[in-house]
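Everything on this sheet refers to the single structure shown next.
Heavy atoms only: backbone and side chains are in, while hydrogens, waters and symmetry mates are out.
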2 protein chains.
Amino acid sequence: MAKAKKTQLDQSTEEKIKAAAGIVFTKKGYGNARTRDIAEEAGINLALLNYYFRSKEKLFQIVMAERIEKLFGVLAPVLNDAETTLDEKLEKITENYIDMLLEHPDLPIFVLSEIRSNPEQLANRVQAPKLLKDSVFVKQLAERRSDINPLHFIINLLGMNLFPFVAKPVLQPVLGSEDFYRQMMVQRKKLIPAWMKLMLDHG
Amino acid sequence: MAKAKKTQLDQSTEEKIKAAAGIVFTKKGYGNARTRDIAEEAGINLALLNYYFRSKEKLFQIVMAERIEKLFGVLAPVLNDAETTLDEKLEKITENYIDMLLEHPDLPIFVLSEIRSNPEQLANRVQAPKLLKDSVFVKQLAERRSDINPLHFIINLLGMNLFPFVAKPVLQPVLGSEDFYRQMMVQRKKLIPAWMKLMLDHG
DNA sequence: AAAATATTTAATCAAATGATTAAATATTTT
DNA sequence: AAAATATTTAATCATTTGATTAAATATTTT
């Protein structure tokens, strides 16, 4: 059998296709993406795509699983860290999200819009319920402000972090250059935790 | 010519098709939507769809123009109202948005995701720049807090209002029933202006 | 090197899908 | 009512697109 080299090539070509699929799916969405686009983006033959992954659908599932993990995987470790304070968690989540999203700006809109057009299949992959009920974060919040509904608080935190990326196609023209957009988001790394603390301390 | 009755039927059938297109496009997105789905949803023949609107693309443009107007048209009149205070504007925008979005929950994700997959054609239809630079709202904010960047402030306002709808497919399972989701959003009509005022008064 | 196995491609298929056509039916005008 | 016009449909076309096949090439094992 062709083992050593096979594995090497496998990885290389398979990864190339996966990466290309990620780019094309994320940019166009499942329905607008053509398998030929993906093959071209990967610099390979169309048949090869079906040789490695059985179908467009299968390839999409793999890409989507990675993306969901990337978008929501940031949360769990921070929310459940017993060593950090509530304030530190707000800072950490914001910094992690904005750093990551500056690298992958259309991740949120891609994941959320695909979930919308196929909720029964995708929505359950995000195990948000646990985090929002049993996490250390929720307990810390309850101790400090038992009158604040943790769900509202988390929606605000995620909204301030994710929304500017979801709305990027609309905001970009307002801001002009890509660079100025970036500056705004970097500013928010400090601002968002401050606003969130405001909600904790007053109101 | 068949004028009177023609116009009546025109309206009726044309509107039926447009409404059906709105439903199908909004639910599935352009790429995943089939013209046959739309025809079926409208209860008419496929050919009739092409008789009234030349193509899927043309029909989509019409639906999209309506949706963009619906999503962003709420803003301009309120932001430019010289008769209301800044605080009143925050309340008005929040109430308008949440009332409207409870009726059309997937409007934001639809519009934003279609803009993303076709920015060159759609992004410029939203004339956000003017509102965010010359509006009465921005002037009032500058008078009260010249140190606050109005763009950050508006992103926060829109994020708190729109994000829970953009993320609805993910939040819904957390909340359980549709009814509880609705309750949360109704609560936010009072909460969001309060949080925004907090940012104005402190920080 | 020969055999076995894995990888890649060009060519092709079959189904889905947007669009058209020609004919039938309904409505309006004269 | 007849003619003209508008509306609707069934059938069909042409293209796109996801997928397959059979053959060619490369790689690994023996």
Derivation of the side-chain contact (heavy atoms from CB on, under 4.5 Å) call for A:Val186 and A:Leu102: CA-CA 9 Å; A:Val186 171; A:Leu102 280 172; 4.1 Å; yes
Starting from [atom2] on [N], measure out to [atom1] on [X] and report it in whole angstrom.
{"X": "B:Phe53", "N": "D:dT8", "atom1": "CZ", "atom2": "P", "result": "12 Å"}
{"X": "B:Gln61", "N": "C:dG18", "atom1": "CD", "atom2": "P", "result": "15 Å"}
{"X": "B:Glu40", "N": "C:dT17", "atom1": "CD", "atom2": "P", "result": "13 Å"}
{"X": "A:Ile44", "N": "C:dA10", "atom1": "CD1", "atom2": "P", "result": "11 Å"}
{"X": "A:Tyr52", "N": "D:dA19", "atom1": "OH", "atom2": "P", "result": "18 Å"}
{"X": "B:Lys28", "N": "C:dA16", "atom1": "NZ", "atom2": "P", "result": "14 Å"}
{"X": "A:Glu14", "N": "C:dT8", "atom1": "CD", "atom2": "C1'", "result": "15 Å"}

Among D:dT8, C:dG18, D:dT17, the one nearest B:Arg34 by side-chain distance: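 Of the candidates, C:dG18 comes closest.
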Tell me the partner of [N], counting only Watson-Crick (N1-N3 plus N6-O4 or O6-N4) or G-U wobble (N1-O2 and O6-N3) with both under 3.5 Å; none if nothing fits.
{"N": "C:dC13", "value": "D:dG18"}
{"N": "D:dT30", "value": "C:dA1"}
{"N": "C:dT25", "value": "D:dA6"}

Touch class at under 4.0 angstrom, heavy-atom based, for B:Ala33 against every strand present: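 Result for B:Ala33 = sugar-phosphate.
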Run the salt-bridge test on [X] and [Y] with the 4.0 Å N-O cut-off and return the result as yes or no.
{"X": "B:Lys168", "Y": "B:Glu178", "value": "yes"}
{"X": "B:Arg182", "Y": "B:Glu103", "value": "yes"}
{"X": "A:Asp81", "Y": "A:Lys92", "value": "no"}

First encountered from the 5' end of DNA chain C, between B:Gly31 and A:Leu48: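 Nearer the 5' end of the strand: A:Leu48.
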Distance below 4.0 Å between B:Thr13 side-chain N/O and D:dT7 OP1 or OP2: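 B:Thr13 to D:dT7 OP1/OP2: no side-chain N or O under 4.0 Å.
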Heavy-atom neighbours of A:Arg54 CZ exceed 12 at 6.0 Å: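 No, because the 6.0 Å sphere around CZ of A:Arg54 holds 12 heavy atoms or fewer from other groups.
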Base-contact (B) and sugar-phosphate-only (S) positions in nucleotides 19-24 of chain C, heavy-atom cut-off under 4.0 Å, - elsewhere: BBB---
Candidate pair B:Asp87 and B:Arg144, rule side-chain contact (heavy atoms from CB on, under 4.5 Å), full reasoning: CA-CA 11 Å; B:Asp87 286 13; B:Arg144 184 133 150 217; 3.1 Å; yes
Closest approach of B:Thr85 to B:Glu88 (non-hydrogen atoms, all atoms of both residues):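 Heavy-atom minimum between the residues: N-OE1, 2.8 Å.
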